[in-house]
Every structure is written in C-alpha cells, then in structure tokens.
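Report on one structure; see the data block that follows.
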Amino acid sequence: QVQLVESGGGLVQPGGSLRLSCAASGSISSINTMGWYRQAPGKQRELVATITSGSSTNYADSVKARFTISRDNAKPTVYLEMSSLKPEDTAVFYCYYRDFYGSTREYWGQGTQVTVSA
C-alpha cells in the first residue's frame with residue numbers, strides 16, 4: 001500500500017506561479033513512476049507530467065513549455081513547478097504513483113485544488 005499526500009495548491013492570478021508537492025509513503029519500490037494528473041470541472045482526468053525514478057520525464061503538450069516536474073528519490077517526493085498559469089489550468093491536481101511490487105500497482109492522491117483567476 002502506498003499513500004500520496006499533495007500540497008501547494010491554491011488561488012493564483014493568471015501569469016502567476018505555484019509549486020505542488022507530493023510525498024509518498026508505505027510499501028514503495030525504488031523503481032517507480034510518479035507524476036501529476038488534473039481534472040477540470042466537467043472534464044476527464046488528463047495527464048500533466050510524469051517522471052521515473054531514473055528522471056525520465058513526460059509532459060502534456062499544453063504544459064511542457066510552462067511546467068517542470070522533478071523528484072527527490074530519497075523521500076520520495078515529486079514536485080511540479082508551474083509558471084505562466086492560465087485560467088484553463090484550473091483543476092484538481094492529483095498525484096500519481098506506479099510501480100511493480102509483485103504486480104503493477106497504481107495509486108492516487110486525494111487531490112489539491114489549483115484555481116487560476118483574476
């Protein structure tokens with residue numbers, strides 16, 4: 001079992017910045033993928049960015065010029081630095097974790113609200 005706790009969400013004006021954090025705990029494999037997904041009101045959950053324990057990254061096209069994902073493998077914690085935020089970025093952001101622990105496992109955080117509004 002893996003638990004994910006997000007923090008750093010809030011209200012920000014267009015063009016502003018936020019930094020999200022997600023700390024993982026429990027039966028964690030040293031080889032894993034962590035990342036962020038988001039879900040806007042009335043829309044499906046979508047990938048934002050992922051990062052492997054080997055630091056390979058993947059970004060959605062809509063954010064790759066503005067967001068940066070990183071991680072600390074020791075804790076482990078994943079971060080998302082968001083800049084040049086737009087109203088359309090408004091969503092609940094969910095931390096994501098995937099590993100192989102006898103079988104493939106996926107876990108989700110509870111979510112943190114990001115609101116971009118003037």
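Residue numbers run from 1 in the order of the sequence given.
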Can a donor-acceptor pair be found between the side chains of Glu6 and Tyr94 at a distance below 3.5 Å?
no
Point-to-point distance, once rounded to the nearest 0.5 Å, from OG1 of Thr57 to CZ of Phe67:
14.5 Å
Value rounded to 0.5 Å, distance of CG in Leu20 from CZ in Phe93
6.5 Å
Would you compute the distance between atom CD1 of Ile28 and atom CG of Asp99 and round it to the nearest 0.5 angstrom?
8.5 Å
Derivation and outcome, side-chain contact (heavy atoms from CB on, under 4.5 Å), residues Ile69 and Met34
CA-CA 10 Å; Ile69 191 168; Met34 297 183 69; over 6 Å; no
Considering the options Ser21, Cys95, Cys22, which one meets the side chain to side chain contact (heavy atoms under 4.5 Å, CB included) requirement together with Ser7?
Ser21
Roughly how far apart are Ile51 CD1 and Thr33 OG1, rounded to 0.5 Å?
9.5 Å
Among Thr112, Val92, Asp89, find the one that has a side chain to side chain contact (heavy atoms under 4.5 Å, CB included) with Arg38.
Asp89
Under a 3.5 Å distance rule, please check whether Ser27 uses its side chain to pair with a backbone N or O of Gln1 as donor and acceptor.
yes
Polar side-chain atom of Asn73 near backbone of Ser53 as donor-acceptor pair, under 3.5 Å
yes
Give the cluster check for Val48 versus Tyr79: same hydrophobic cluster or not, with ILVMFWY residues linked at side-chain heavy-atom distances below 4.5 Å.
no
Going through the distances and angles, do Tyr96 and Trp108 end up as a ring-ring contact (aromatic ring centres under 6.0 Å, His included)?
CA-CA 5 Å; Tyr96 168 80; Trp108 297 92; 4.9 Å; yes
Taking all heavy atoms of Ala24 and all of Val2, pick out the closest pair and write down the distance.
CB-CG1, 4.4 Å
Note: Ser17 and Ser84 closest approach over all heavy atoms is OG-N, 4.4 Å
Would you please say whether a donor-acceptor pair under 3.5 Å links the side chains of Thr115 and Gln113?
yes
Using a 6.0 Å distance limit plus a 45 degree cone around the ring axis, check whether Arg98 lies over the aromatic ring of Tyr107.
no
Side-chain H-bond candidate by donor/acceptor type, Arg105 with Asn32, under 3.5 Å:
no
Validation row: Pro14, Pro87 side chains within 4.5 angstrom (heavy atoms):
yes
So do the side chains of Ile31 and Phe100 get within less than 4.5 Å of each other, counting heavy atoms only?
no
Residues, nucleotides or ligands: over 12 heavy atoms within 6.0 Å of Glu88 CD
yes
Before you tell me yes or no, could you show the steps for Val63 and Met82 under side-chain contact (heavy atoms from CB on, under 4.5 Å), namely the whole-Å CA-CA distance, both residues' side-chain angles and the distance that decides it to 0.1 Å?
CA-CA 9 Å; Val63 308; Met82 305 184 292; over 6 Å; no
Do the side-chain N and O atoms of Asp61 and Tyr59 include a donor-acceptor pair separated by under 3.5 angstrom?
no
Tyr37 backbone acceptor or donor facing Arg45 side chain under 3.5 Å:
no
Evaluation steps, side-chain contact (heavy atoms from CB on, under 4.5 Å), between Leu11 and Val114:
CA-CA 6 Å; Leu11 175 64; Val114 173; over 6 Å; no
OG of Ser62 to CD of Glu46: how many Å apart, nearest 0.5 Å?
5.5 Å
From NZ (Lys43) to OG1 (Thr90), nearest 0.5 Å:
11.0 Å
Begin from the C-alpha positions of Thr52 and Thr50 and carry the test side-chain contact (heavy atoms from CB on, under 4.5 Å) through to its verdict.
CA-CA 7 Å; Thr52 70; Thr50 60; over 6 Å; no
Would the number of heavy atoms belonging to other residues, nucleotides or ligands and lying under 6.0 Å from CD of Gln3 be above 12?
no
